[in-house]
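Before any comments, here is the structure.
Numbers here are sequence positions counted from 1. Counting starts at 1 for both ligands and their atoms, in listed order.
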Amino acid sequence: MAAAALARKLTTKQCSIRLIESAEIGIVGVGEATVPHIRFFNATLGLDEADFIRKTQATFKLGIEFCDWARIGDAYIHPFGEFGRYIKDVGFHHYWVKLHHLGDPTSLFDYSYPCMAAKLGKFMHPVNDPNSIYKTFSYAFQFDTTLYGPYLRSYAEQRGVVRTEGKIVGVRQRAEDGFVEAVILENGERVEGDLFIDCSGFRGLLIEQTLKAGYEDWTHWLPADRAVAVPCETTEMSVAYTRATARQAGWQWRIPLQHRTGNGYVYSSQYISDDEARRTLVENLEGPMQAEPRFLRFVTGRRKKSWCKNVVATGLAAGFIEPLESTSIYLTQIAITNLVEMFPDRDFASTNTDEFNAMMQVEYERVRDFIILHYHATERDDSPFWDYCRTMSIPDSLAYKMELFRERGHVVKYKYGMFYEPSWHAVYIGQRIVPKRYDPLVDNVDVEDVRLGLRKLREAIRLAAEATPNHADFIEKFCSSKEALRR
Ligand SMILES: Cc1cc2nc3c(=O)[nH]c(=O)nc-3n(C[C@H](O)[C@H](O)[C@H](O)COP(=O)(O)OP(=O)(O)OC[C@H]3O[C@@H](n4cnc5c(N)ncnc54)[C@H](O)[C@@H]3O)c2cc1C
C-alpha cells in the first residue's frame with residue numbers, strides 16, 4: 001500500500017522507491033475485512049473497482065453483525081450508513097428514544113437501509129440522489145489480502161518502484177544522530193535511503209528493534225492477545241457483511257470472500273487455552289476447513305512514536321488494535337495519507353515529525369475507545385472473561401463519551417479520526433445503552449406524527465431493500481472472478 005501510494009504521489013524525478021520484502025518471512029495475511037475508506041485509497045490510485053474485486057476475490061460489505069455481545073441471543077448490525085433522517089434539525093435517534101420510552105417495540109436498526117439489505121442478502125451501489133434511500137449508506141470490501149499485496153506490488157512496479165526479494169539482516173545508523181542510513185540484505189547488498197518506511201509487521205525491524213520507539217500496551221483494556229484462523233468453503237455467497245460472534249473468551253469472525261470464507265477466534269490466553277480456542281473455532285465453521293488452523297500472537301497497542309528520525313512505521317509495525325471493527329488496514333491507509341501530507345525534506349524538521357505522531361495518536365485512540373465499548377458495554381456474566389470486561393476500568397475519554405450518551409443521547413463529535421455518529425449510535429444501542437433522556441426539541445413534534453413518519457420510513461426502507469439485487473447476482477453481473485464463475 002505504501003509503495004503504491006507513494007509511487008502514485010511522487011514523481012521518479014523526485015524520489016526513487018525500493019520495496020524490500022521476504023517471501024521466506026511471509027506476511028500475516030489474515031486481514032480480510034475493511035471499512036469504506038479503502039475505496040478512497042483504491043480510487044486515489046485510480047484502480048478500477050470491478051478489476052480489483054476480480055483480482056482479490058472480493059465481496060461487498062455493508063457492515064458487521066455482532067452476535068451475543070451484550071447478552072447471549074442478541075444480534076445487531078453496525079452498518080455503514082445512517083439511521084433515519086434528521087427531523088426539524090434534531091437527530092433521528094432522539095425521536096426513536098422517545099418512542100422507545102413510550103413502549104414502541106421497533107428497533108433502531110429497522111430504520112437503516114444497509115442493515116435491512118444485509119439481512120436480506122442484497123447489495124447495490126449507492127446512488128447520488130439526496131432524496132433516495134439508496135443514498136443513505138456506504139460500503140467496503142472483504143478481500144483476500146494475500147492477493148491484494150501482489151496486486152498493489154505490480155501497480156507500484158509499473159510506476160517505477162523497484163522490488164527486491166530478500167531478507168534484511170542488518171541496519172546501519174549514522175554515527176552523529178542515529179538516523180538510519182542503510183539496510184543490509186542477506187546477500188550482502190547495502191541499500192541506502194533518505195527515508196525508510198518500516199512495514200515489517202509486528203517485529204518493527206527499524207522502528208523498534210533499531211530505534212526503540214517504545215510501545216504503549218493496551219492489553220488491560222483489550223485483553224485478547226491471540227487468534228487462531230482458518231479458511232473454510234464459502235457456503236452462502238449472498239452475505240454482504242462480516243460477522244463477529246462473541247464467545248467465552250473473545251469472539252469469532254466470519255468473513256465471506258468469493259472463493260473461501262475467512263474465520264478466526266480472537267481470544268485472551270489468560271482465559272482460554274489454545275486447544276480450547278481451536279476446538280471452538282472448528283466446531284463453529286459453516287463449511288469444510290480448507291487448511292490447518294494457524295495461531296497468531298499479538299499485543300494490542302500502538303508505537304509511542306510511529307515516526308522516529310527518518311523512519312516511519314505503518315501497518316503492524318506501527319501498532320495493532322484487534323480486528324473487531326476491521327480497522328488495521330484503515331490505520332495503515334491513514335498513516336500513508338498523513339505521510340504524504342507531511343512528506344519531509346532531508347532536514348526532517350522535528351515539528352513535522354511531532355505533528356505526524358500526534359495525528360496518528362488521535363487515530364489509534366479513537367479506534368481504541370470504540371473497540372473497548374463493545375467489550376465493556378455488556379451484561380454478560382457467564383465467563384470470567386466477560387466479568388473482567390464488564391467491570392474493568394476504561395479510558396477517561398471513553399467513560400466521558402458513554403456518560404454523555406447515557407444521559408441524553410449525545411455523541412461526542414470530533415474532527416479527526418474514524419467513527420462518526422451513526423457508528424456510535426449502532427454500538428451504543430446494539431449493546432443496550434439506551435439514553436435516559438432525549439433532545440427536548442423532539443417534543444415540538446406531535447408524537448402521533450412522529451409515529452406515522454417512522455412507520456412510513458420503516459416501510460420505505462423495507463421496500464427499498466427488497467427491491468435491491470441479491471449480493472451474489474450483483475457480483476456475478478458486475479465483476480465476477482473467472483474462478484467464481486467456473487464454480
Ligand atoms: C488475527 C488478525 C486479524 C486481522 N484482521 C484484520 C481485518 O479483518 N481487517 C484489517 O483491516 N486488518 C486485519 N488485521 C491486520 C492485517 O492483517 C494487517 O494490517 C495486514 O496484514 C498488514 O500487515 P503488515 O503489512 O503491517 O505486516 P505483515 O503482514 O507481517 O508483513 C510484513 C512484511 O515485512 C516483510 N519483512 C519483515 N521482516 C523482514 C526482513 N527482515 N527482511 C525483509 N522483509 C521483511 C515481510 O516479508 C512482509 O512482507 C488482522 C490482523 C490479525 C493479527
Any non-hydrogen atom of Ala229 lying under 4.0 Å from ligand 1?
no
Distance under 4.0 Å to a non-hydrogen atom of Glu21: what atoms of ligand 1 satisfy this?
44 (N), 49 (O)
Gly26 near ligand 1, heavy-atom distance under 4.0 Å?
yes
Ligand 1-proximal atoms of Ala33, by part, heavy-atom distance under 4.0 Å:
both
One residue to check: Ile25. Relative to ligand 1, which of side chain, backbone, both or neither has a non-hydrogen atom less than 4.0 Å away?
side chain
Side chains of Thr44 and Arg8, donor plus acceptor under 3.5 Å
no
I need the nearest protein heavy-atom contact for atom 43 (C) of ligand 1: residue, atom name and distance, please.
Gly166 O, 3.3 Å
Under a 4.0 Å threshold between the charged nitrogen and the carboxylate oxygen, would Glu157 count as salt-bridged to Arg163?
no
Of the protein's non-hydrogen atoms, which lies at the shortest distance from atom 13 (C) of ligand 1, and what is that distance?
Gly31 CA, 3.3 Å
Of the protein's non-hydrogen atoms, which lies at the shortest distance from atom 12 (N) of ligand 1, and what is that distance?
Ser328 CB, 3.1 Å
Residues that Ser423 engages under side chain to side chain donor-acceptor pair (under 3.5 Å), provided they are two or more places apart
His78
Taking the six-membered ring for Trp, are Phe474 and Phe123 parallel (under 30°), tilted (30 to 60°) or perpendicular (over 60°)?
perpendicular
Part of Trp253 within contact of ligand 1 (heavy atoms, under 4.0 Å)
side chain
Side chain, backbone, both or neither: which part of Cys199 has a heavy atom under 4.0 Å from ligand 1?
backbone
Heavy atoms only, cut-off 4.0 Å: how does Pro323 contact ligand 1, side chain, backbone, both, or neither?
side chain
Enumerate the atoms of ligand 1 whose separation from the nearest heavy atom of Lys167 is less than 4.0 angstrom.
42 (N), 43 (C)
Considering only the protein, which heavy-atom contact is closest to atom 37 (C) of ligand 1, and what is its distance?
Arg203 NH1, 3.2 Å
Once you measure the plane-to-plane angle for Tyr414 and Tyr420, does it fall in the parallel (<30°), tilted (30-60°) or perpendicular (>60°) bin?
tilted
Would you confirm whether the ring centroid of Phe109 sits within less than 6.0 angstrom of the ring centroid of Phe83?
yes
Side chain, backbone, both or neither: which applies to Leu205 and ligand 1 if a contact is any heavy-atom pair less than 4.0 Å apart?
side chain
Identify, with sequence neighbours excluded, every residue that meets side chain to side chain donor-acceptor pair (under 3.5 Å) alongside Tyr271.
none
Would you mind running through ligand 1 and noting each atom that sits below 4.0 Å from a heavy atom of Ala227?
1 (C)
Under 4.0 Å, heavy-atom basis, I'd like to know which part of Glu322 is in contact with ligand 1: side chain, backbone, both or neither.
neither
Is any side-chain N of the basic residue among Glu276 and Arg247 closer than 4.0 Å to the acidic one's carboxylate O?
no
Taking the six-membered ring of Trp69, is NZ or CZ of Arg380 closer than 6.0 Å to its centre and within 45° of its axis?
no
Nearest neighbour in protein (non-hydrogen) for atom 30 (O) of ligand 1:
Val28 CG2, 3.4 Å
Report yes or no: is the cationic atom of Arg366 (NZ for Lys, CZ for Arg) under 6.0 Å from the centre of the six-membered ring of Phe370, at an angle within 45° of the ring normal?
no
Geometric class of the Phe141/Tyr139 ring pair [parallel <30°, tilted 30-60°, perpendicular >60°]
perpendicular
Under a 3.5 Å distance rule, please check whether Trp253 uses its side chain to pair with a backbone N or O of Ile255 as donor and acceptor.
no
Identify, by atom number and element, the atoms of ligand 1 in contact range of Ile329, meaning under 4.0 Å from any of its heavy atoms.
10 (C), 11 (O), 12 (N)
Say whether Phe320 and ligand 1 are in contact under the criterion: heavy-atom distance to a ligand atom below 4.0 Å.
yes
Less than 4.0 Å is my threshold; does some heavy atom of Ala318 fall inside it relative to ligand 1?
no
Check ligand 1 against Ser326 and write out every atom of the ligand that is under 4.0 Å from a heavy-atom position of the residue.
9 (N), 11 (O)
